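Quantities reported herein were computed from a predicted structural model and do not represent experimental measurements.
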Amino acid sequence: MNADTSRCGRLPESEYVELAVEVFSMLADATRVRIIMALRDASELSVNRLAETVDKSPAAVSQHLAKLRLARIVSTRQEGTRIFYRLENEHAQQLVADAIFQAEHSLGGTPHHHRAADAVRPAVIPVYRLNRNCRSFESQPRWRYRPALA
């Protein structure tokens with residue numbers, strides 16, 4: 001069909017922008033973020049185990065899981081009468097991890113995730129940017145100041 005003229009999802013005028021906003025609104029709940037973090041740490045969990053982990057009632061966790069499932073952020077596997085939940089892919093956990101990192105930055109000072117990484121971070125960090133035709137990424141080295149470890 002129009003495979004050659006398909007729009008790149010990484011441009012501001014992309015039709016995926018509204019969908020991305022829906023993903024962010026789905027993740028704009030502390031319980032859902034905690035569920036994603038729990039599923040990241042344990043590949044799959046039952047509702048009762050998730051409820052214990054996030055310190056919420058099984059009914060509340062089940063409601064959140066239903067919404068996450070409709071958004072295709074989690075998927076299920078049934079074993080007898082028990083249903084196990086797992087993350088559909090790695091993108092939701094990456095969004096949550098990046099949000100946590102951003103939250104650490106809002107506190108000021110050197111965030112925890114930078115202190116641990118500075119010891120092994122190279123002086124030149126490859127920066128990837130989308131090339132003009134939206135088909136591949138180009139790497140451009142960029143110098144970055146590395147603060148001394150405290």
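Side-chain contact between I73 and L27 is present, with at least one heavy-atom pair separated by less than 4.5 Å. For the pair S43 and R86, the minimum side-chain heavy-atom distance is 4.5 Å or more. L39 places a side-chain heavy atom less than 4.5 Å from the side chain of L45. The side-chain heavy atoms of R34 and T53, taken from C-beta on, include no pair separated by under 4.5 Å.
A donor-acceptor pair under 3.5 Å links the side-chain atoms of Q78 to the main chain of G80, judged by distance alone. Judged by distance alone, the side chain of R32 and the main-chain N or O of M26 form a donor-acceptor pair under 3.5 Å. In this structure, the side chain of S62 does not engage the main chain of A59 through any donor-acceptor pair within 3.5 Å.
Atoms CG and CD1, from N48 and I83 in turn, are 11.5 Å apart once rounded to the nearest 0.5 Å. Interatomic distance, L70 CG to R72 CZ, rounded to the nearest 0.5 Å: 9.5 Å. Within the model, atoms NZ of K56 and CD1 of I35 stand 10.0 Å from one another, a figure rounded to the nearest 0.5 Å. The distance from atom CG of L50 to atom CD of E44, rounded to the nearest 0.5 Å, is 10.5 Å. Atom CZ of residue R40 and atom CD of residue Q94 lie 10.0 Å apart, to the nearest 0.5 angstrom. Separating the CG atom in L68 from the CD1 atom in I36 is a distance of 5.5 Å, to the nearest 0.5 Å.
Enclosure of atom CG in D55 is not indicated, since only 12 or fewer non-hydrogen atoms of other residues, nucleotides or ligands lie within 6.0 angstrom. The number of heavy-atom neighbours closer than 6.0 Å to CD of E52, taken from other residues, nucleotides and ligands shown, is above 12.
Screening residues 39-94 for ring-ring contact (aromatic ring centres under 6.0 Å, His included), with sequence neighbours left out, gives no hits.
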